[in-house]
Protein chains: 2
Amino acid sequence: MNGQFQIATHVLTLLCKQPGELLSSDYVAGSMNVNPVLVRKEMRKLRACGLIESKEGKTGGYSLALPPQKITLADVYKAVKLPPALGQAKNKPNPDCPVGKQIGAHLDNLADDVEAAIVKKLSTITIFDFVNQFD
Amino acid sequence: MNGQFQIATHVLTLLCKQPGELLSSDYVAGSMNVNPVLVRKEMRKLRACGLIESKEGKTGGYSLALPPQKITLADVYKAVKLPPALGQAKNKPNPDCPVGKQIGAHLDNLADDVEAAIVKKLSTITIFDFVNQFD
DNA sequence: TTGTACTGTAATATTTTTTATTACAGATAA
DNA sequence: TTATCTGTAATAAAAAATATTACAGTACAA
């Protein structure tokens with residue numbers, strides 16, 4: 001149950017709908033019933049990737065750093081750094097087993113391919129597109 | 001940290017490498033340093049999807065139910081039923097907010113599209129292909 | 001210049017999910 | 001009838017995500 005991508009997308013949607021305005025983490029958190037600190041954490045990731053800007057102090061808040069046509073959902077996905085779609089084994093396979101010895105590398109390659117497929121799909125959708133679906 | 005897909009793929013790899021033999025959950029678990037009960041749980045899912053067969057009692061164990069050319073990694077992915085690649089929000093967005101009211105449905109559609117992209121990618125790879133990568 | 005309303009961040013607690021462990025009933029072959 | 005396996009439940013332990021609390025720093029405004 002990991003809602004980081006959903007939080008980030010929700011915020012970007014709000015920012016896109018209210019261009020020019022600075023939205024606070026409290027306001028945004030209220031719109032999605034989530035803790036404001038969690039919003040600020042996701043915002044840090046988005047800002048580190050150059051997708052949003054933030055302003056401190058009174059009248060501070062968040063705004064888009066780029067036109068929404070330039071922000072794809074792949075950018076969001078990469079920014080929030082979700083755990084891999086195929087999961088990740090915590091165990092270390094037995095190195096004495098010919099299969100156990102090699103399977104880690106093959107599974108890693110596969111995971112990379114799947115992540116690439118996800119990014120490819122998400123890169124075709126911008127925040128602008130996503131928001132345009134709304135009534 | 002979810003290793004269910006890795007466990008399932010590991011077992012299928014072993015079964016593919018040793019055709020005709022029945023492999024026990026203890027043997028398999030030893031090859032990947034994981035708890036035997038966890039192996040049996042994943043095997044239940046694979047059997048429910050018709051990918052493997054199991055035999056109880058002494059000399060019991062697991063075997064492939066289909067030729068490895070007929071089992072794709074998409075079949076495995078669907079069988080193990082991982083949580084969605086984009087995560088899943090546990091919170092319920094504020095229904096009084098025009099964005100909060102609608103975003104759930106749009107995020108669900110997006111999640112479906114991404115899952116479809118993953119399945120499409122994985123459906124191009126059979127267990128036979130995967131195992132053929134090994135030395 | 002002082003109060004107010006934000007962000008940024010750390011520390012901690014709670015909740016949820018995953019994995020491990022234990023236990024035992026039932027099946028099957030030797 | 002004994003040993004070895006699957007099937008499954010119940011419980012414990014470990015890991016991850018989220019919530020909460022707290023507070024320093026920043027910027028605006030009265």
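Letters A, B, ... are given to chains in the order of the sequence lines, protein chains preceding strands, and every chain is numbered from 1. All values below were derived from every heavy atom in this structure, side-chain atoms included, with hydrogens, water molecules and symmetry-related copies excluded. Just so you know, these numbers come straight off a predicted model, no measurement behind them.
- Looking at P84(A) and E115(A), their side chains come closer than 4.5 Å, going by heavy atoms from C-beta outward.
- DNA chain D is contacted by no residue of residues 7-31 of chain A, taking any non-hydrogen atom closer than 4.0 Å.
- Put simply, the side chain of D75(B) gets close to the backbone of T72(B): a donor and an acceptor are under 3.5 Å apart.
- An end-to-end axis angle of 0° holds for the helix from dT1(C)-dA30(D) to dA30(C)-dT1(D), taken from five base pairs per end and rounded to 10°.
- Residues from residues 88-100 of chain A with heavy atoms under 4.0 angstrom of DNA chain C: there are none.
- Residue pairs satisfying the ring-ring contact (aromatic ring centres under 6.0 Å, His included) criterion with at least one member in residues 25-80 of chain A, sequence neighbours excluded, are absent.
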Which side-chain N or O atoms in residues 50-60 of chain A pair as donor and acceptor under 3.5 Å with protein atoms at least two apart or in another chain?
| residue | atom | partner | partner atom | Å |
| --- | --- | --- | --- | --- |
| S54(A) | OG | R47(A) | NH1 | 2.9 |
| K55(A) | NZ | T59(A) | OG1 | 3.4 |

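- Panel note: side chain Q6(B), backbone L107(A); no donor-acceptor pair is recorded below 3.5 Å.
- Within the 3.5 Å criterion, the main-chain N or O of A105(A) finds no donor-acceptor partner in the side chain of D108(A).
- L46(A) CG to L15(A) CG: the interatomic distance, rounded to the nearest 0.5 Å, is 9.0 Å.
- In this structure a side-chain-to-backbone donor-acceptor pair under 3.5 Å is missing from Q88(B) to G3(A).
- Under 4.0 angstrom from either OP1 or OP2 of dT8(D) there lies at least one side-chain N or O belonging to R44(B).
- For N2(A) (side chain) and Q4(A) (main-chain N/O), a donor-acceptor pair under 3.5 Å exists by modelled atom type.
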Annotated protein contacts, base or backbone, on nucleotides 21-30 of chain C with a non-hydrogen cut-off under 4.0 Å, one of B, S, - each:
BBB--BBBB-
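- Distance CD1/I71(B) to SG/C16(B): 8.0 Å, rounded to 0.5 Å.
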